[in-house]
Amino acid sequence: MPGACHVRGTMELSELQQIRQDKAQALRERGIEPYPGRAHRTASTEDAIARFEDQEHAQALVDGHDTEPITVAGRIVSFRHMGKTVFAHIRDGHGQIQLYLRKDVLGADAYDDLLKLFDLGDFVEATGELFRTKTGEVSLRTSEIRMLAKALNAPPEKWHGLSDIETRYRQRYVDLIANEEVREVFRIRARTITALRHFLDSRDYLEVETPTLQPLYGGAAARPFTTHHHALDQTFYLRIADELYLKRLLVGGYERVYEICKDFRNEGIDRNHSPEFTMLEFYEAYADYETMMETVEAMIVQAAQEVLGTLRITYHDKEIDLTPPWRRVTLRAAIEEYSGIDYVDHPDQASLLAAARAAGADIESGTVWPRIVDELLKQFVRPNLIQPTFLTDYPVALSPLAKRKADDPTHVERFQPLVAGSIELGNAFTELNDPMDQLARFQEQQKDREAGDEEAMPIDIDYVTALMYGMPPTGGVGIGIDRLVMFFTDQPTLRDVILFPAMRRQAIEDGRPALAATSDDTAP
RNA sequence: GGGCCGCUAGCUCAAUUGGCAGAGCAACUGACUCUUAAUCAGUUGGUUCAGGGUUCGAGUCCCUGGCGGCUCACCA
């Protein structure tokens with residue numbers, strides 16, 4: 001692994017690491033601690049530049065200088081040595097600023113002896129007066145520079161940066177050092193989550209926390225991660241959804257609740273799926289899926305406006321306009337529009353399969369009826385839904401927790417917001433609150449489980465019991481935060497919006513993976 | 001899990017038909033008091049992912065394994 005020592009056993013440094021370690025030692029020999037406990041920064045780089053420009057504007061500079069000394073701190077990201085002058089940039093969490101170091105200002109001893117012990121990547125603090133260089137850049141005429149933390153690993157190459165995808169994910173900290181646009185992606189992620197919270201809080205939603213460790217999993221069709229609690233001697237599952245717990249809270253009397261949490265699904269990893277992902281679920285009493293469409297639309301629009309400052313988003317060269325109202329189309333109408341097939345005319349598997357194939361769909365022979373509908377959606381409809389669209393009214397077989405439509409019991413009141421032809425931003429429905437219907441749907445799922453469908457939901461008797469106490473008519477929504485951020489930031493895969501994506505364990509330090517795995521597993 | 005592709009210096013990448021493993025940046029030595037991919041001169045740096053095999057000779061061809069990417073399947 002780049003930059004790594006042989007971590008187990010010896011701490012053998014590479015040649016480049018050893019050179020830097022020797023410099024740290026040289027600092028100690030001069031009575032300078034290379035990892036001091038305190039910094040004495042008086043301004044961020046951003047504030048320093050702003051302050052200089054204010055002074056400049058107020059014409060308060062003396063001979064072009066802001067005479068009040070200032071101390072900035074950060075990582076050395078460039079270093080240009082020019083004889084008796086050095087130009088360097090340091091970067092902090094806000095921006096960067098140029099240091100101008102002169103032998104006659106810094107002092108001959110410091111300049112000749114100390115400066116050569118500083119490298120790219122080191123954290124330093126610099127004190128001096130702000131001025132503008134000939135090229136117009138606000139810079140710090142540095143009278144003192146002090147080591148804050150000696151870096152033993154060099155940062156990636158300055159021009160090409162770090163592009164190796166594996167290293168970017170495994171050593172995200174290096175990715176963040178090297179790539180400003182990656183730092184920005186995760187700022188947008190944070191601001192997006194904040195914006196969603198603000199939206200819901202302002203609408204009187206209560207943020208709640210429900211169990212991650214669940215004795216019974218449910219709320220979605222997925223295989224769970226399984227673990228064991230020793231003291232209780234009981235199997236627990238990492239939640240695949242928090243849906244059933246949030247709806248219990250509506251039984252309890254709260255009218256509007258939401259939770260932002262990690263869900264875990266023990267399934268494949270690809271550009272749209274991660275084994276742990278961040279979900280926003282929110283439920284509103286006395287609302288239905290129509291209400292929730294309004295809410296989702298308003299929420300995404302407000303988040304885009306707050307975070308990106310625009311409703312026009314480019315995703316993979318597609319121009320997407322979030323300006324409401326978004327298109328609403330039923331699943332049935334959309335499939336008919338784009339494939340020419342009305343699946344209601346084909347109520348059995350053989351008929352629908354034949355029609356789908358006649359329309360040019362690529363579907364395997366054994367595919368069950370609901371899956372054929374799903375394939376028609378995937379192959380004909382989705383690629384055409386570039387602009388934000390609510391796809392509504394799904395066949396009941398696809399949705400065991402949604403309420404049937406009053407005028408059509410074969411369909412449920414459900415919608416999915418889709419965008420950019422492929423991104424499902426979420427999933428929502430009018431919640432099923434008839435306890436006996438819910439029990440029947442669980443029993444259907446149970447049959448599928450017994451037939452070998454590992455993703456079918458187990459029966460949750462306590463949840464049925466809760467419904468028997470009465471749950472008001474309710475609209476519920478789940479929004480995939482990672483996908484929303486992927487859309488907002490124009491990233492190609494989910495992993496690019498997850499700081500530390502799941503990766504296969506790497507155990508190649510000494511070419512003995514089995515041994516490495518053993519020692520890892522027995523570590524305290 | 002299947003298929004295809006990749007892994008070469010700290011980073012970004014070369015290496016012709018199987019024929020001396022290279023460049024830029026970084027590092028090291030030196031020059032240079034307004035540079036910003038600084039410039040100039042010189043130097044160092046390699047288990048070519050690992051292990052086998054074929055061959056006079058393997059980064060290159062074959063086999064096995066590791067990790068990754070894309071894609072298909074499953075899923076949100």
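Every chain is numbered from 1 and lettered A, B, ... according to where its sequence line falls, protein lines coming before strand lines.
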Looking only at atom [atom1], what distance separates [N] and [M], rounded to whole Å?
N      : M      : atom1 : value
B:rU17 : B:rC62 : P     : 15 Å
B:rA58 : B:rC63 : C1'   : 15 Å
B:rC56 : B:rA41 : P     : 45 Å
B:rG30 : B:rA50 : P     : 36 Å
B:rA21 : B:rG57 : C1'   : 15 Å
B:rU55 : B:rG59 : C1'   : 16 Å
B:rG51 : B:rU47 : C1'   : 12 Å
B:rG1  : B:rA26 : P     : 42 Å

Output the single nucleotide from [options] whose closest atom is nearest the side chain of [X].
X        : options                : result
A:Met503 : B:rG68, B:rC70, B:rU12 : B:rG68
A:Arg271 : B:rU33, B:rU71, B:rC74 : B:rU71
A:Tyr100 : B:rC74, B:rG69, B:rC34 : B:rC34
A:Met82  : B:rC11, B:rA38, B:rA76 : B:rA38
A:Glu424 : B:rG45, B:rC70, B:rA76 : B:rA76
A:Thr133 : B:rG69, B:rC74, B:rC34 : B:rC34

Letter per nucleotide, 5' to 3', of nucleotides 22-28 of chain B [B base touched, S only sugar-phosphate touched, - untouched; heavy atoms, 4.0 Å]: --BBSSS
NZ/NE/NH1/NH2 to OD/OE distance under 4.0 Å, A:Glu184 and A:Arg189: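 Salt bridge absent between A:Glu184 and A:Arg189.
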Test: A:Asp122 and A:Lys23 ion pair at under 4.0 Å: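 Looking at A:Asp122 and A:Lys23, the cut-off is not met.
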OP1 or OP2 of [N] versus the side-chain N and O atoms of [X]: is any pair under 4.0 Å?
X        : N      : value
A:Arg170 : B:rG68 : yes
A:Arg371 : B:rC74 : yes
A:Ser163 : B:rU12 : yes
A:Arg80  : B:rA38 : yes
A:Arg132 : B:rC34 : no

Can you list the residues that meet the side chain to side chain donor-acceptor pair (under 3.5 Å) rule with [X], with sequence neighbours excluded?
X        : result
A:Gln25  : A:Arg28
A:Tyr315 : none
A:Asp460 : A:Arg248

Those residues that, when tested against A:Arg357, pass salt bridge (charged side-chain N to carboxylate O under 4.0 Å, His left out) (two or more places apart):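 Testing A:Arg357 for salt bridge (charged side-chain N to carboxylate O under 4.0 Å, His left out), a comparison that skips the adjacent residues, returns none.
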Test salt bridge (charged side-chain N to carboxylate O under 4.0 Å, His left out) applied to A:Asp175 - qualifying residues, sequence neighbours left out: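 Partners of A:Asp175 by the salt bridge (charged side-chain N to carboxylate O under 4.0 Å, His left out) criterion, ordered by chain and then number, come out as A:Arg168, A:Arg172.
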No-hydrogen, no-angle side-chain donor-acceptor test under 3.5 Å, A:Tyr237 and A:Asn266: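 Judged by distance alone, the side chains do not pair up.
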Hey, what are the protein-to-nucleotides 1-9 of chain B N/O distances that come in under 3.5 Å?
none

Polar side-chain contact A:Ser78-B:rU35 base: donor and acceptor under 3.5 Å: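 Result: no qualifying N/O pair found.
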Polar side-chain contact A:Gln98-B:rU35 base: donor and acceptor under 3.5 Å: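 Looking at the base of B:rU35, it does pair with a donor or acceptor on the side chain of A:Gln98 (distance under 3.5 Å).
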Qualifying salt bridge (Lys or Arg N to Asp or Glu O under 4.0 Å) pairs with a residue from residues 74-83 of chain A, counting only residues at least two apart or across chains: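 Passing the test, one end in residues 74-83 of chain A: no pairs.
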d(NZ, A:Lys134; P, B:rU33) in whole Å: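 After rounding, the gap between these two atoms is 13 Å.
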Could you tell me whether [X] contacts a base, only the sugar-phosphate backbone, or nothing, with contacts defined as non-hydrogen atoms closer than 4.0 Å?
X        : result
A:Asp482 : nothing
A:Ala221 : sugar-phosphate
A:Gly161 : sugar-phosphate

Value rounded to 0.5 Å, distance of NE2 in A:His65 from CD in A:Gln55: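 Rounded to the nearest 0.5 Å, the NE2-CD separation comes to 13.0 Å.
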A:Ala222 or A:Arg141, whichever maps to the more 5' nucleotide of RNA chain B: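 Closest to the 5' end, via its nearest nucleotide, is A:Arg141.
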Plane angle bin for A:Tyr111 and A:His81 - parallel if under 30°, tilted between 30 and 60°, otherwise perpendicular: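 Ring orientation, 0 to 90° scale: tilted.
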ring-ring contact (aromatic ring centres under 6.0 Å, His included) partners of residues 371-398 of chain A, not counting sequence neighbours, each pair once: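 Passing the test, one end in residues 371-398 of chain A: A:Trp326-A:Phe390, A:Phe390-A:Phe415.
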Per-nucleotide pairing state of RNA chain B [Watson-Crick or G-U, under 3.5 Å; [ ] pseudoknot-crossing; | other strand]: (((((((..((((.....[..)))).(((((.......))))).....(((((..]....))))))))))))....
Residues in ring pair (Phe, Tyr, Trp, His ring centres under 6.0 Å) contact with A:His411, at least two apart in sequence or another chain: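 Once residues adjacent in sequence are excluded, the partners of A:His411 under the ring pair (Phe, Tyr, Trp, His ring centres under 6.0 Å) criterion are A:Tyr343.
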Test ring pair (Phe, Tyr, Trp, His ring centres under 6.0 Å) applied to A:Tyr100 - qualifying residues, sequence neighbours left out: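 Listed in chain order: A:Phe87, A:Phe131.
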